Student: 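Sharing a structure below in structure tokens format, with a few things to ask.
Side-chain atoms are counted along with the backbone in the values below, which use heavy atoms only and exclude waters and symmetry mates. Please read all numbers here as calculations on a predicted model, not as lab measurements.
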Amino acid sequence: MTEMRVAQVVAQLRALGVRPGGVLLVHTSFRAVRPIEGGPLGLIDALRSALGEAGTLVMPTMTDGETVFDPASTPTCDMGITAELFWRQPGVRRSTHPGGSFAAVGPMAERICAPQPLSPPHGPDSPVGRVHDLAGQVLLLGVGHSENTTLHLAEAIAGVPYSVEHPCIVEVDGAVRTVMIPETDHCCRGFNLLDEPLRARALQHEGLVGHARARLCDSRDIVATAVGLLASDPLVFLCAPEAHCEECDTARASVGPPSKAAK
């Protein structure tokens, strides 16, 4: 497979519809994108070049929550090599949520990475919520909507009935303790349902970036489309009971049995 130059990747990003001067939240698998000149750092260079100096690049830098979080040193967990290298670059800011941190660089980075409540980790007052407020774009590069954290924002806005608590170690007034953080957690495979309605409304741009399939959407379009689906069926993103998906079964169980008044 031919190694692509950074300039070629920049051209691909611009052709896909990345807006110079905009806010761009990126979820990526470098394994799908490679080979690119400069490796993952070359991809970061291409993303920043496509946005220009007036643009802001954002990536998830979530952690396992098993140690006290230090935004200057705690490594990411299952976020991929590109995100892991991104937050370590000079000038990049990282938010302080002990499990659901994000990193950003550019004029809007400080606003995006400002302190947030512990729960919900991806609600309106969070990095993904602020990207949404800023009319940012979401780029899924070599991954699908199952990796799209903005859909958890849609769940928070829609007020879905499921919530699962996860332990997270935090330090409060010098004391280390474990807190339980509720979030709308499940396997997230159901998020891939977004492809069809976004395509049908011409709200999703698709093409190649590097050697990977890419999807580019406006954050507000993602949220509006997902909230519409959730209005029709609040459990639409959970696997059906017959699928025996442990994560989705746990989320479904958190809803509890229907009340007598609802019957």
Student: Passes salt bridge (charged side-chain N to carboxylate O under 4.0 Å, His left out), Glu171 versus Arg177? Steps please.
Tutor: CA-CA 6 Å; Glu171 185 175 353; Arg177 60 189 179 95; over 6 Å; no
Student: Mind checking the NE2-NE2 spacing from His122 to His152? Nearest 0.5 Å is all I need.
Tutor: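 These two atoms lie 5.5 Å from each other.
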Student: Take atom CG in Asp233; do more than 12 heavy atoms of anything else shown fall under 6.0 Å from it?
Tutor: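 Buried by this count: over 12 neighbours within 6.0 Å.
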Student: Between Asp195 and Arg215, is the salt bridge (charged side-chain N to carboxylate O under 4.0 Å, His left out) condition met? List the steps.
Tutor: CA-CA 9 Å; Asp195 273 325; Arg215 297 168 172 84; 2.9 Å; yes
Student: Check whether any side-chain heavy atom of Leu139 lies under 4.5 Å from a side-chain heavy atom of Leu25, and answer yes or no.
Tutor: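 Side chain of Leu139 against side chain of Leu25, heavy atoms only: no contact under 4.5 Å found.
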Student: Can you tell if the side chain of Met79 reaches within under 4.5 Å of the side chain of Glu84, non-hydrogen atoms only?
Tutor: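 Not in contact.
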Student: In this structure, are over 12 heavy atoms from other groups packed under 6.0 Å from Glu196 atom CD?
Tutor: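 Atom CD in Glu196 is not crowded, with 12 or fewer foreign heavy atoms closer than 6.0 Å.
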Student: Kindly determine whether Phe69 and His97 satisfy ring-ring contact (aromatic ring centres under 6.0 Å, His included), including the steps that lead there.
Tutor: CA-CA 8 Å; Phe69 177 67; His97 192 282; 8.4 Å; no
Student: How long is the straight-line distance from CD of Glu183 back to CD of Glu155, given to the nearest 0.5 Å?
Tutor: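 If we round to the nearest 0.5 Å, Glu155:CD and Glu183:CD are 10.0 Å apart.
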Student: With side chains defined as the heavy atoms from C-beta onward, is the minimum distance between Phe237 and Thr184 less than 4.5 Å?
Tutor: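 Not in contact.
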Student: Any side-chain heavy atom of Pro121 sitting closer than 4.5 Å to one from Ile181?
Tutor: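 Side-chain contact under 4.5 Å: yes.
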Student: Would you find a donor on one side and an acceptor on the other, under 3.5 Å apart, between the side chain of Arg130 and the backbone of Ala114?
Tutor: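 Side chain of Arg130 to backbone of Ala114, a donor-acceptor pair under 3.5 Å: yes, one is there.
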Student: I need the minimum non-hydrogen distance between Gly22 and Leu51, along with the two atoms involved.
Tutor: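 Where Gly22 meets Leu51 most closely, the heavy atoms are O-CD2, 3.6 Å.
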Student: Could you report the tightest heavy-atom contact between Pro197 and Leu194, atom names first, then the distance?
Tutor: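 What the structure gives for the nearest pair is CD-O, 3.3 Å.
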Student: Taking Asp185 for the side chain and Val164 for the main chain, is one N or O donor matched with an acceptor at less than 3.5 Å?
Tutor: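 No: the side chain of Asp185 does not pair with the backbone of Val164.
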Student: Are the side chains of Ile112 and Phe102 in contact, using a 4.5 Å heavy-atom criterion?
Tutor: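 They are not in contact (no side-chain heavy atoms under 4.5 Å apart), so the answer is no.
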Student: Is a side-chain donor or acceptor of Thr56 paired with a backbone partner of Val23 at a separation under 3.5 angstrom?
Tutor: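 Checking the backbone N and O of Val23 against the side chain of Thr56, no donor-acceptor pair under 3.5 Å is found.
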Student: Starting from the C-alpha separation in whole Å, work towards a yes-or-no answer on side chain to side chain contact (heavy atoms under 4.5 Å, CB included) for Leu198 and His145.
Tutor: CA-CA 11 Å; Leu198 287 171; His145 285 287; 3.7 Å; yes
Student: Do Ile36 and Glu3 pass the side chain to side chain contact (heavy atoms under 4.5 Å, CB included) test, and can you show the C-alpha distance, the side-chain angles, and the key distance before you say yes or no?
Tutor: CA-CA 5 Å; Ile36 288 179; Glu3 180 180 86; 5.6 Å; no
Student: So, does Thr225 use its side chain to make a donor-acceptor pair with the main chain of Ile222 at under 3.5 Å?
Tutor: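 No; judged by distance alone, with no hydrogens or angles, the pair does not exist.
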Student: Are the side chain of Ser119 and the backbone N or O of Pro182 linked by a donor-acceptor pair below 3.5 Å?
Tutor: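 Side chain of Ser119 to backbone of Pro182: a pair is present.
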Student: Who passes side chain to side chain donor-acceptor pair (under 3.5 Å) against Ser73, sequence neighbours left out?
Tutor: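 Counting only residues at least two positions away or on another chain, Ser73 forms a side chain to side chain donor-acceptor pair (under 3.5 Å) with Asp70.
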Student: Could you walk me through whether Glu147 and Cys188 pass the side chain to side chain contact (heavy atoms under 4.5 Å, CB included) check?
Tutor: CA-CA 7 Å; Glu147 310 302 321; Cys188 298; over 6 Å; no
Student: How about Arg34 and His211: do any of their side-chain heavy atoms sit closer than 4.5 Å?
Tutor: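 Side chain of Arg34 against side chain of His211, heavy atoms only: no contact under 4.5 Å found.
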Student: Tell me if a side-chain donor or acceptor on Arg252 pairs with a main-chain N or O of Leu235 at a distance below 3.5 Å.
Tutor: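 Checking the backbone N and O of Leu235 against the side chain of Arg252, no donor-acceptor pair under 3.5 Å is found.
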Student: Do the side chain of Arg94 and the main chain of Trp87 share a donor and acceptor less than 3.5 angstrom apart?
Tutor: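 It does not hold such a pair.
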Student: Just how far is it from atom CD of Glu66 to atom SG of Cys77, taken to the nearest 0.5 Å?
Tutor: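 Atom-to-atom, Glu66:CD and Cys77:SG are 7.5 Å apart.
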Student: Once you round to the nearest 0.5 Å, how far does CZ of Arg189 lie from CD of Glu247?
Tutor: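 It is 7.5 Å, given to the nearest 0.5 Å.
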Student: With a 4.0 Å cut-off on N to O distance, would you call Asp133 and Arg111 a salt bridge?
Tutor: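 No.
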Student: What pairs with Arg14 under salt bridge (Lys or Arg N to Asp or Glu O under 4.0 Å), at least two apart in sequence or on another chain?
Tutor: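 Listed in chain order: nothing, the list is empty.
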Student: Determine yes or no for a side-chain-to-main-chain donor-acceptor pair under 3.5 angstrom, with Gln204 supplying the side chain and Leu216 the backbone.
Tutor: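 Looks like no, no N/O pair under 3.5 Å.
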Student: Please determine which of Thr74, Thr63, Thr61, Thr76 meets the side chain to side chain donor-acceptor pair (under 3.5 Å) test together with Ser101.
Tutor: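 The passing option is Thr61.
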Student: Got a donor-acceptor contact below 3.5 angstrom from the Asp125 side chain to the Gln116 backbone?
Tutor: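 No.
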Student: What about Tyr162 and His186, are their ring centers closer than 6.0 Å?
Tutor: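 Ring centres of His186 and Tyr162 closer than 6.0 Å.
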Student: If only atom types and distance count, is the side chain of His27 paired as donor or acceptor with the main-chain N or O of Asn148 below 3.5 Å?
Tutor: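 Not confirmed, His27 side chain does not pair with Asn148 backbone.
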Student: Roughly how far, to the nearest 0.5 Å, is the CD atom of Glu206 from the CG atom of Leu140?
Tutor: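 Leu140 atom CG to Glu206 atom CD measures 9.5 Å (nearest 0.5 Å).
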Student: Hey, are the side chains of Leu134 and Val131 touching, using non-hydrogen atoms and a 4.5 Å cut-off?
Tutor: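 Side chain of Leu134 against side chain of Val131, heavy atoms only: no contact under 4.5 Å found.
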Student: First locate atom CD1 of Ile81, then atom CZ of Phe30, and finally report the distance between them rounded to the nearest 0.5 Å.
Tutor: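 Interatomic distance, Ile81 CD1 to Phe30 CZ, rounded to 0.5 Å: 9.0 Å.
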Student: Is the shortest side-chain heavy-atom distance between Leu24 and Arg19 below 4.5 Å?
Tutor: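 Not in contact.
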